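Only heavy atoms go into these numbers, but all of them, side chains included; no hydrogens, no water, no symmetry mates. Please read these numbers as outputs of a predicted model, since none were measured by experiment. So you know, we letter chains A, B, ... as the sequences are listed, proteins then strands, and number each from 1.
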Amino acid sequence: MSSLIAFTRTGSSGTAGTVGGLLFSNLIPCRQISVSSSLYGKRNIRKFFLGNKRGTRLHRKAKMEGKTASWDPIYTEVKASGFHYDGVYHKVPEMIPDIIVPDLTDFKLKPYVSYKTADIYQTEFTPENLFESVYKNKIVRDFKNNKLDDQGNPLEPNEMEKLTPEEAWIMARKSGSDIFSERTPKFWECLDQSLIDEDPPEIAVTSDDLTHPSEKKKLSKN
Amino acid sequence: MCGFKMRLSARLYCSVTKRIGELTKQYANLPERYIERATEHVEWKTPNRINYLPRTVKKPAREFRFTTNRPWSDEFRRQNEGTKREPVFIEPIKEWMIYRGDRVEVLVGRDRGKHGIVSQVIQERNWVIVAGLNTHFRRMGVKKDYPGMIVKSEAPLLVTSQVALVDPSDNKTTKVEWRFTEDGERVRVSLRTGRIVPIPHSAEETMDYKSRKTYSDADKDTPASVVEAITYEPKLKTFESEIMEELGIQEDRIPKRTFWY
């Protein structure tokens, strides 16, 4: 039976393991089992980075140093247009974006602006400006021609003047846009007192508003 | 940019674009964002992988040495790439006096006493390149069998000490001060004669045009008259209602009132 006899040296690589026996310094035989066979031989090369020859030498050097940020490709994600189920791909038409382009015939604006244009400075268009441009003239005319009654209401109201607040509220919301939906103001909006209703408007809440549609059906059945 | 917290005043000078002169940017006529992106010399950027935090190490602004090449060009990048160079001390000038197209007298070198016209202003280094003056010869395209072509090129001159502005009224050097006229216009006034030294027309020049008025519109340019025309008509309608009317969308459904509790 042959026993493994190995000579240990101080400062050898720590891959060799020792079993039994005492280690003495400098070229003293001791029994050991080599557990480092996996790191010797051809397969060991896998564990080292050798690189390849793709790209130019300068490019590879820059890549190693991490200096390719300026020319790294911009990866754009392509969004899915459906989903996989049971190995079958189902296309969902709603996931494919519909790009609606308006009719641009006789449209004079172009992508760029000529350098010849003078610098344009415009002040903010305030609600006062809107009042002046839309309503001011009519009311001044009515006042001069004595067409206002005792309380200042017009005797010949135009369409805008006949509009009640409720009608205006409905008109604004008919577009279906949800930006007008009532909500509690965010904490930064609370800094502007005008946004917080001191006395909230009295809204007549009917039983119809409070019942869920499913419950309504039950009621109707009953 | 820098990995530690600093005062805003100090942080502003971390950016290279803040050190680029106004006249340089004006002549180039490039978007600010492009200049920022092109002048950030990224030394190391962590790879875009999960186990890395996104960190970029850029060359600090104080290590940049400005040259006669534009700061966003490749030549500038190559000149600033190697080992750290000793910093160049630039005298800070409060009010810039010299513009492109100004008549100027060279005070040093072989061409001292001669007058020339400024062809380029490099504010970052307090430099001015005068056309045809303070020149030297260099060879281009030298090969083993070919001696190369001799090219005459101008060297930059310092605005503070090597060059002096010339008063056009008597063609002599003068010191100049910025003052305001009765109309409120900011002008340069010669301290010796008291006359106004007008800003030359070449100062308005950029890479895209010699002057705004002489620019000829390209195919994709909206003409000035169209841009300046006011087409907004104030109406007592919301944005959505107006669009609905224009597109002929009729909506008869009344939205239900919603409540938040």
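- For B:Tyr232, the part lying under 4.5 angstrom from a heavy atom of chain A is the side chain only.
- Residues of residues 124-141 of chain A placed with any heavy atom under 4.5 Å of a heavy atom in chain B are listed by number as A:Phe125, A:Leu130, A:Ser133, A:Val134.
- Chain A forms more heavy-atom pairs under 4.5 Å with one residue of B:Ala38, B:Pro234, B:Pro223 than with any other, namely B:Pro234.
- Within residues 92-100 of chain A, no residue approaches chain B closer than 4.5 Å by heavy atoms.
- At most 12 non-hydrogen atoms from other residues, nucleotides or ligands lie less than 6.0 angstrom from CZ of A:Arg54.
- For the pair B:Arg253 and A:Lys174, the tightest heavy-atom approach, listed with the atom from each and the gap, is O-CG, 3.7 Å.
- Summarising the local packing, OH of A:Tyr85 is surrounded by 12 or fewer heavy atoms from other residues, nucleotides or ligands at distances under 6.0 Å.
- The number of heavy-atom neighbours closer than 6.0 Å to CD of A:Glu167, taken from other residues, nucleotides and ligands shown, is above 12.
- Within the 4.5 Å cutoff, side-chain heavy atoms of B:Val227 are placed close to those of A:Ile120.
- Within a 6.0 Å sphere centred on CG of A:Asp106, heavy atoms belonging to other residues, nucleotides or ligands number 12 at most.
- Your options are B:Lys45, B:Glu228, B:Glu233, and the one with the most heavy-atom pairs under 4.5 Å with chain A is B:Glu228.
- Atom CD of A:Gln122 has 12 or fewer neighbouring heavy atoms from other residues, nucleotides or ligands inside a 6.0 Å radius.
- If you measure heavy-atom distances from A:Met171 to chain B, the contacts under 4.5 Å come from the backbone alone.
- At most 12 heavy atoms of other shown residues, nucleotides or ligands fall within 6.0 angstrom of atom CD1 in B:Ile230.
- Annotation: side chain to side chain contact (heavy atoms under 4.5 Å, CB included) contacts of A:Glu65 (sequence neighbours excluded): A:Lys61, A:Lys67.
- In this structure, the portion of B:Glu43 lying under 4.5 Å from any heavy atom of chain A is its backbone and not its side chain.
- Remark: side-chain polar atoms of B:Thr222 are paired, donor with acceptor, to backbone N or O of A:Tyr112 under 3.5 angstrom.
- Heavy atoms of other residues, nucleotides or ligands lying less than 6.0 angstrom from CZ of B:Arg65 number more than 12.
- Taking every heavy atom of both residues into account, A:Ala172 and B:Thr238 meet most closely at CB-CG2, 4.0 Å.
- Residues of residues 209-221 of chain B that come within less than 4.5 angstrom of chain A, heavy atom to heavy atom, are B:Tyr209, B:Arg212, B:Lys213, B:Tyr215, B:Asp217, B:Asp219, B:Lys220, B:Asp221 in numerical order.
- Of the atoms belonging to A:Ala118, heavy atoms from both backbone and side chain fall under 4.5 Å from chain B.
- Looking at A:Asp119, the atoms closer than 4.5 Å to chain B (heavy atoms on both sides) all sit in the side chain, from C-beta outward.
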